[in-house]
Every structure is written in C-alpha cells, then in structure tokens.
**Student:** 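Before anything else, here's the structure in question.
In what follows, residues are counted from 1 in the order of the sequence shown. Small disclaimer: the values here were computed from a predicted structure and weren't measured.
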Amino acid sequence: MWQSKPVKGCFPVSPESGLALRRYQHDDLYHLDSILTTYRNGYLFSEQRTGKLIIFLHLCAYLSERGEVGTILIVAPLSTRLSVRDEFARWLGWRVEVNPDADNTPLHPQAQPWVVAVNKEKLRDPSWWGFQRMWDLALIDEAAHYRGRNSQQTEGCERLVRKCRRVVFATGTPLMNGLPREIYPLLKMADPKRWPSFWGYMETVALPEPSWGAAPFSEDSRWNRTGMAHVQKWLAPRSIRRTYAEVNPELPPVVEQTVKVDLWAWNNSHREMYDVLEAEWRVLVGDTAVEVSSVLTLTSRLLQMAASPCNLDRGATIGGKARAIIDYRENVEGKVVLWTWHRAFCQELAAEMHGQPGSGDVRWVTGDMHPETRAELVRRFQNHDGRATLVATIASLSEGIALDTASACLFAERSWLPSQNVQAAARILGPRQQGSPLVVTFIVEDSIEERLDRVLRRKSDACDRFTTLRAVVEEAR
C-alpha cells in the first residue's frame with residue numbers, strides 16, 4: 001500500500017520494501033500527478049541518476065491506490081528493460097511481464113495493475129498487439145530516441161500514444177544535437193492539435209537560411225532569437241527538470257580537464273598521411289556539389305587518425321593521442337573508464353594497456369557484445385578491488401549503466417552528439433562515488449579535432465540553454 005506519511009524527512013513507499021522516497025522525489029511525484037491530471041501527458045527531463053524511474057513507479061502505485069490505473073506499459077531500450085522489472089519488484093513487490101507475445105490482461109481484478117515492459121523496437125512492428133488495446137498509463141523511457149519524425153519507431157510511438165490515457169516521456173537529454181527539429185516529435189505526440197505541422201513549427205522557432213530554392217528552412221535550421229523561449233514556455237508547466245548536482249548537494253563537484261596532445265610528436269610518415277587526408281577534406285568541404293556523406297566519412301577518418309595512426313595504418317604501432325592517454329592513466333589512482341567511439345580503436349587500446357602495471361585489470365566493451373556479456377563485464381568492474389580500467393565505446397554503454405566506483409573517465413574519442421558525451425561522463429556519478437570525479441578530454445592540437453571541439457561546445461550550449469530555461473530568463477529581462 002502506498003503511503004505518504006513522512007518519516008525522518010523521507011517518505012516510505014511500502015512496509016514490505018522498507019525503502020523510502022527522498023523529499024524532492026515526493027514533491028516531483030505529486031507534481032507529475034498534477035501535470036497528468038491537467039494535460040494528460042507530461043515530461044520528466046531530469047538528469048541521469050536522479051530517479052526518474054523511481055518517481056514513475058511510485059506514480060503507478062499512487063494512481064493504483066486511487067483506482068485510476070489497471071494497465072501500465074513501459075517502452076524502454078533493450079539495455080534498461082530488465083532493470084525496469086527489477087525496480088518494480090524491489091520497491092513495490094509488483095510483477096512485470098517483459099515482452100509478452102500476446103495480450104494477457106487478467107480476466108479478474110488483481111491486487112496490482114497489469115504491468116508490461118517492452119523493447120522500443122516493438123514500435124516498428126505495425127502488427128504488435130499493444131497497438132490494439134487501450135493503456136491507462138505509459139512511460140516512454142529514453143524519449144530522445146524518437147527525434148526522427150519520419151522514422152518507423154517514432155511513427156509507432158505516435159500511434160501508441162493515441163492508445164494511452166496518460167503518457168510520461170522521460171529523458172535527461174531532450175535535445176541531442178541542439179536543433180529545433182529534435183524536440184518536435186515529442187511536442188506533437190503530447191499535443192498534436194497544438195503542433196500539427198512540422199514546417200509551421202519551424203517557421204515559428206527556426207532561423208531562416210540562405211536558400212537558392214523555395215524553402216527558407218531545412219531539417220538542420222537552428223533556433224531563431226525567440227524560438228527556444230517559445231517552446232520552453234509551452235513545456236514549462238508540463239515538465240519536471242532536476243539536475244544531479246541539485247539533488248545531491250553533499251557530493252563533491254566534478255573536475256573537468258582538457259589535455260592537448262601535440263600532433264607534431266608523430267613520426268614524419270604518419271604526419272604526411274594526416275596532411276594528405278586533411279587537404280582532401282578541405283577540397284571536399286569547399287565543393288558544394290559533393291555529398292555530405294563523403295565529407296562525414298573523411299571527417300571520421302581524420303578523427304581516427306588523430307586518435308592513433310594504427311587506426312588507418314595496421315602496420316603502425318599504437319601512438320599519437322593513444323600513447324598520451326596510456327601515460328596519463330598511469331598517474332590516476334583507482335578505477336578508470338576510458339571512452340572511445342570506434343570499436344577497432346577500443347580493442348587496440350585495451351590490448352595495448354593489458355599487462356601494464358599502471359592500468360590494473362583491463363577489460364573492454366563494444367556494441368557487438370551480447371547485452372548480458374556487457375552487463376557482466378560492468379558488474380566485474382564495479383565490484384573489482386584495486387586498480388582497473390574499462391575501455392568501452394560510448395554507444396555500447398549508453399543507457400541504464402552505473403560506473404560510480406570509478407574515480408575518473410577519460411575521453412579518447414567523443415560522439416558528434418554532445419548529449420551522448422554528457423551521458424557517458426555521468427556514468428561515473430552515483431552514491432558509490434568516493435571523491436570528486438575526474439572527467440578528462442584528450443584533443444590533438446592543430447587537427448580537425450579542434451574544429452569539432454568548437455562545434456560540440458556550440459551544440460552543448462544550445463542543449464544547456466534549452467534544459468536550464470536560460471532563454472526564457474533572458475527574454476524576460
């Protein structure tokens with residue numbers, strides 16, 4: 001039975017579990033209930049490690065006690081689906097059916113609502129049985145994944161939302177790339193009458209571009225002067241936003257550093273190889289007739305080259321930025337998470353670090369591993385005593401992973417989406433963190449990586465402005 005009686009500043013949920021909500025979670029629970037009562041759909045935009053799932057599952061218990069929900073659906077990525085099941089059991093003692101093949105709604109009233117958790121990939125299947133019935137309450141977890149307005153997954157999500165009486169969209173990064181188009185699908189799903197037309201929306205919030213055609217806007221148009229504030233004002237009464245630092249003021253602050261690596265430290269042959277590629281890149285960038293994919297492919301090759309010559313020259317020993325990273329790691333105590341983007345570089349770096357005393361126990365994780373294998377490697381890293389290094393691609397551990405026993409995370413490479421880098425850095429935050437976590441980014445000087453760093457900073461600023469409501473404040477001034 002859900003209870004709201006405060007005990008020692010906290011709010012117990014069930015006598016069986018003995019667990020309790022923190023005060024801010026209790027406040028957010030009632031706020032979210034008010035949002036859903038007023039608007040039917042709402043947003044949980046709180047950062048990672050602030051308990052978005054905990055707030056939602058207690059909302060389920062609260063509404064169940066009032067007799068307002070009988071069927072609950074959670075749509076989540078594959079990596080977090082099982083944690084949803086475990087948290088419901090841990091906090092409420094409720095059973096969650098994971099990916100059932102058919103509609104198994106109980107024929108008779110039960111002590112708990114019927115709770116179903118499915119992979120987000122189900123939304124791509126038009127014949128999925130979940131589209132054929134009504135749901136009293138739904139959670140769309142990692143809602144930022146539905147930013148492609150014409151994708152099968154987004155279209156399936158829109159179809160599902162129409163079958164739900166109440167929907168909560170949860171994501172700590174509503175903007176992945178800082179562009180207006182990314183948030184539009186979430187706006188339309190919540191209120192299609194208010195946001196019926198994408199191009200009408202872009203005309204209101206986006207900055208016109210120099211165009212030789214008839215359309216003044218494109219998919220990649222940026223925010224205009226008042227566009228972000230316009231969207232924020234609509235979202236403000238419908239959303240909840242908490243930062244990790246806000247809810248954990250007692251924890252030590254994160255220390256961020258940028259380490260510049262000298263490109264001229266390479267040998268002449270590798271420097272010449274990079275110069276040839278960069279000259280080719282400059283030609284492509286200046287040619288408006290060249291396909292964007294060609295420019296992106298060459299940009300990716302240049303970034304790999306900056307990381308280490310061994311990425312493009314298999315006969316080369318690992319070097320460049322990689323050697324600086326290995327040397328730096330030797331001076332960091334405890335456990336370290338080392339992020340890369342390319343799978344081959346992840347494996348090369350882990351192989352080079354293996355056996356070196358300064359690296360300790362070395363393990364690597366990539367996206368082609370089975371989810372259970374990845375989870376087991378993370379568990380071993382978390383429980384390891386002494387020095388250890390986990391080398392992982394950013395995309396392989398992008399959701400539902402805690403690495404808070406690490407003292408530092410080092411970015412050997414970064415994603416082109418700033419929000420993915422923020423999420424990766426946040427993996428080392430949590431209750432098991434003993435000191436000020438260290439986040440270090442390695443950048444090769446005098447390379448294309450410096451250009452990318454400037455672009456990422458601009459995109460990150462747009463994402464920060466959106467989630468911290470800075471645009472609203474500035475317009476009010």
Side-chain angles (χ1 to χ4, degrees), residues 79 176-177 258-261 263 266 270-271 273-274 276-278 280-281 284 292-329 336-354 359 362-371 373-374 377-378 381 389-399 401 403 409-425 427 439-445 447-453 455-456 459:
S79 57
M176 299 286 282
N177 219 11
T258 299
V259 175
K260 296 291 186 73
V261 180
L263 186 65
W266 298 357
H270 292 144
R271 174 69 204 203
M273 184 189 302
Y274 181 89
V276 169
L277 287 173
E278 187 176 45
E280 183 181 345
W281 178 84
L284 285 180
V292 173
S293 59
S294 300
V295 178
L296 293 179
T297 299
L298 188 53
T299 302
S300 179
R301 286 171 60 82
L302 283 165
L303 289 171
Q304 291 182 66
M305 186 67 186
S308 173
C310 73
N311 282 319
L312 297 180
D313 178 6
R314 285 302 176 188
T317 57
I318 195 165
K321 182 166 57 172
R323 177 53 55 191
I325 293 169
I326 294 173
D327 293 342
Y328 189 95
R329 196 279 172 257
V336 171
V337 179
L338 181 51
W339 295 111
T340 73
W341 182 255
H342 296 94
R343 179 178 60 185
F345 185 42
C346 174
Q347 296 170 347
E348 290 276 357
L349 199 53
E352 186 73 13
M353 299 181 77
H354 185 72
S359 301
V362 179
R363 301 182 186 275
W364 55 273
V365 177
T366 58
D368 58 347
M369 292 180 174
H370 192 278
T373 302
R374 281 181 269 169
L377 289 170
V378 168
F381 175 79
T389 304
L390 180 67
V391 187
T393 56
I394 293 173
S396 67
L397 300 178
S398 59
E399 298 123 2
I401 298 296
L403 299 168
C409 74
L410 313 181
F411 282 93
E413 299 176 292
R414 286 179 294 174
S415 167
W416 292 4
L417 295 178
S419 61
Q420 290 186 330
N421 301 322
V422 171
Q423 289 175 338
R427 298 292 166 214
V439 178
V440 183
T441 302
F442 290 82
I443 297 176
V444 175
E445 286 186 307
S447 76
I448 193 174
E449 197 170 34
E450 285 195 325
R451 297 171 182 256
L452 179 63
D453 182 61
V455 173
L456 285 175
K459 290 181 177 181

**Student:** Where the side chain of T389 meets the backbone of S359, is there a donor-acceptor pair that is under 3.5 Å apart?
**Tutor:** yes
**Student:** Of the non-hydrogen atoms in W364 and C346, which two are nearest, and what is the gap between them?
**Tutor:** CB-SG, 4.0 Å
**Student:** Checking side-chain contact (heavy atoms from CB on, under 4.5 Å) for the pair R343/D368: CA distance, chi angles, key distance, verdict?
**Tutor:** CA-CA 9 Å; R343 179 178 60 185; D368 58 347; 3.0 Å; yes
**Student:** I need the Q347 CD to E352 CD distance, nearest 0.5 Å.
**Tutor:** 14.0 Å
**Student:** Could you tell me whether a side-chain N or O of R374 sits under 3.5 Å from a main-chain N or O of S396, the two making a donor and an acceptor?
**Tutor:** yes
**Student:** As an exercise, state the distance from CG of L397 to CZ of F381, rounded to the nearest 0.5 Å.
**Tutor:** 10.5 Å
**Student:** Using the test side-chain hydrogen bond (donor to acceptor under 3.5 Å, both in side chains), find all partners of S415 that sit at least two apart in sequence or belong to another chain.
**Tutor:** Q420
**Student:** Applying side-chain hydrogen bond (donor to acceptor under 3.5 Å, both in side chains), can you list everything that pairs with T441, at least two apart in sequence or on another chain?
**Tutor:** none
**Student:** Distance check, rounded to the nearest 0.5 Å: T393 atom OG1 versus E413 atom CD?
**Tutor:** 10.0 Å
**Student:** Test side-chain contact (heavy atoms from CB on, under 4.5 Å) on I443 and F411; report intermediate values, then the result.
**Tutor:** CA-CA 9 Å; I443 297 176; F411 282 93; over 6 Å; no
**Student:** Report the distance from atom CD1 of I325 to atom CH2 of W339, rounding to the nearest 0.5 Å.
**Tutor:** 14.0 Å
**Student:** Roughly how far apart are L338 CG and I326 CD1, rounded to 0.5 Å?
**Tutor:** 8.5 Å
**Student:** For Y328, enumerate each residue passing the ring-ring contact (aromatic ring centres under 6.0 Å, His included) test, keeping only those at least two apart in sequence or located in another chain.
**Tutor:** F442
**Student:** If I compare all heavy atoms of A425 with all of C409, which pair ends up nearest, and what's the gap?
**Tutor:** CA-SG, 4.0 Å
**Student:** I'd like to check L417 versus Q423 (side-chain heavy atoms, cut-off strictly below 4.5 Å). Are they in contact?
**Tutor:** no
